[in-house]
Trainee: 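Here's a structure for you.
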Amino acid sequence: MSTMQATTVKCPNCGRTNRVPAAAEGRPRCGHCKQPLPWMVDAGDDDFTEVAERADVPVVVDLWATWCGPCRMVSPALEKVATDLAGRIKLVKVDVDKNPRLSQRFEVQAVPTLLVLDRGETVARQAGAVPAPALRHWVEQSITAREG
């Protein structure tokens, strides 16, 4: 079950290693310095509802594929955005080839396809690779619209 899954994250503030669950209430914080941690997890057809749709924070969904060159370019930029916006967003990565129901549900025509979800509802969508600064602007604009 996905609630038992956790990833290990290095705190960008103090450098300590923390275990961050894939699905949880609230926002992960460093056990040592109490600063927000980046929340980056994988999800699939079976655990997407629990991992992404029930999150208390906006969720950036990266619908990608292993064979996709632009996906490999966007991934580090997304991880940087998730680190920069720690405590404000959760990054959920979905391999479309391994999770056809999610691919169909979100009508993925091209990868990468990026979504911002607010409690399971799509509030922003973007297909294709974009440079890191534009990606961060898009995410910030999407979550600011949600907050405001």
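For this chain, numbers begin at 1 and follow the sequence in order.
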Trainee: Just verifying a value: how many Å separate Asp62 CG and Asp42 CG, rounded to the nearest 0.5 Å?
Mentor: 9.5 Å
Trainee: Might you point out which heavy atoms bring Ala22 and Val51 nearest each other, and give the distance in Å?
Mentor: O-CG1, 3.6 Å
Trainee: Would you say that Val60 contacts Leu85 through its side chain, given a criterion of any heavy-atom pair below 4.5 Å between the two side chains?
Mentor: no
Trainee: Could you tell me whether a side-chain N or O of Arg136 sits under 3.5 Å from a main-chain N or O of Val81, the two making a donor and an acceptor?
Mentor: no
Trainee: Report yes if some heavy atom in the side chain of Arg88 is under 4.5 Å from a heavy atom in the side chain of Val57; otherwise report no.
Mentor: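 Arg88 does not reach Val57 side chain to side chain.
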Trainee: Does any non-hydrogen side-chain atom of Gln5 lie less than 4.5 Å from one of Asp47?
Mentor: yes
Trainee: About how many Å separate CG of Asp45 and NZ of Lys98, when rounded to the nearest 0.5 Å?
Mentor: 12.0 Å
Trainee: Examine distances only and state if a side-chain atom of Trp39 and a backbone atom of Pro21 form a donor-acceptor pair shorter than 3.5 Å.
Mentor: yes
Trainee: For Leu37 and Pro12, which heavy atoms make the closest approach, and how far apart are they?
Mentor: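 Distance-wise, the nearest heavy atoms are CD2-CD, 4.4 Å.
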Trainee: So among Leu135, Val130, Val111, which one has a side chain to side chain contact (heavy atoms under 4.5 Å, CB included) with Val74?
Mentor: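 Checked Leu135, Val130, Val111 against Val74; only one passes side chain to side chain contact (heavy atoms under 4.5 Å, CB included): Leu135.
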Trainee: Between Val92 and Leu117, does a side chain to side chain contact (heavy atoms under 4.5 Å, CB included) hold up when you go through it step by step?
Mentor: CA-CA 10 Å; Val92 176; Leu117 302 182; over 6 Å; no
Trainee: What closest approach, in Å, do Ala82 and Leu91 show between heavy atoms, and which atom pair accounts for it?
Mentor: CB-CB, 4.0 Å
Trainee: With rounding to the nearest 0.5 Å, note down the distance linking CD in Gln35 to CZ in Arg16.
Mentor: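 So the gap between those two atoms works out to 14.0 Å.
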Trainee: Which heavy atom in Asp97 sits nearest to a heavy atom in Ala65, and how many Å separate them?
Mentor: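 Looking at all heavy atoms of both residues, the shortest contact is OD2-CB, 3.8 Å.
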Trainee: List the atom of Ala86, the atom of Pro36, and the distance in Å for their closest heavy-atom pair.
Mentor: O-CB, 3.5 Å
Trainee: Rounded to the nearest 0.5 Å, how far does CG of Asn18 lie from SG of Cys33?
Mentor: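 Those atoms lie 8.0 Å apart.
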Trainee: Determine whether Trp64 and Asp95 make a side-chain contact, defined as any pair of heavy atoms from C-beta on separated by less than 4.5 Å.
Mentor: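 The answer is yes; the side chains approach within 4.5 Å.
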Trainee: In Å and rounded to the nearest 0.5 Å, what is the CD1 to CE distance from Ile89 to Met40?
Mentor: 9.0 Å
Trainee: Scan Arg119, Lys90, Arg105 and name whichever one has a salt bridge (charged side-chain N to carboxylate O under 4.0 Å, His left out) with Glu53.
Mentor: Arg105
Trainee: Check whether any side-chain heavy atom of Phe106 lies under 4.5 Å from a side-chain heavy atom of Val96, and answer yes or no.
Mentor: no
Trainee: Any salt bridge between Arg101 and Asp46, counting N to O under 4.0 Å?
Mentor: yes
Trainee: In a check of side chain to side chain contact (heavy atoms under 4.5 Å, CB included) between Leu63 and each of Val108, Asn99, Leu114, which one passes?
Mentor: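 Answer after filtering Val108, Asn99, Leu114: Val108.
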Trainee: Please answer whether the main-chain N or O of Arg72 pairs with a side-chain N or O of Ser75 as donor and acceptor at a distance below 3.5 Å.
Mentor: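 No: the side chain of Ser75 does not pair with the backbone of Arg72.
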Trainee: Does the side chain of Pro58 reach to within under 4.5 Å of the side chain of Ser142, using non-hydrogen atoms?
Mentor: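 Sidechains of Ser142 and Pro58: no contact.
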Trainee: Indicate the atoms forming the closest heavy-atom contact of Pro76 with Met73, along with that distance.
Mentor: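 So the minimum-distance heavy-atom pair works out to CD-O, 3.4 Å.
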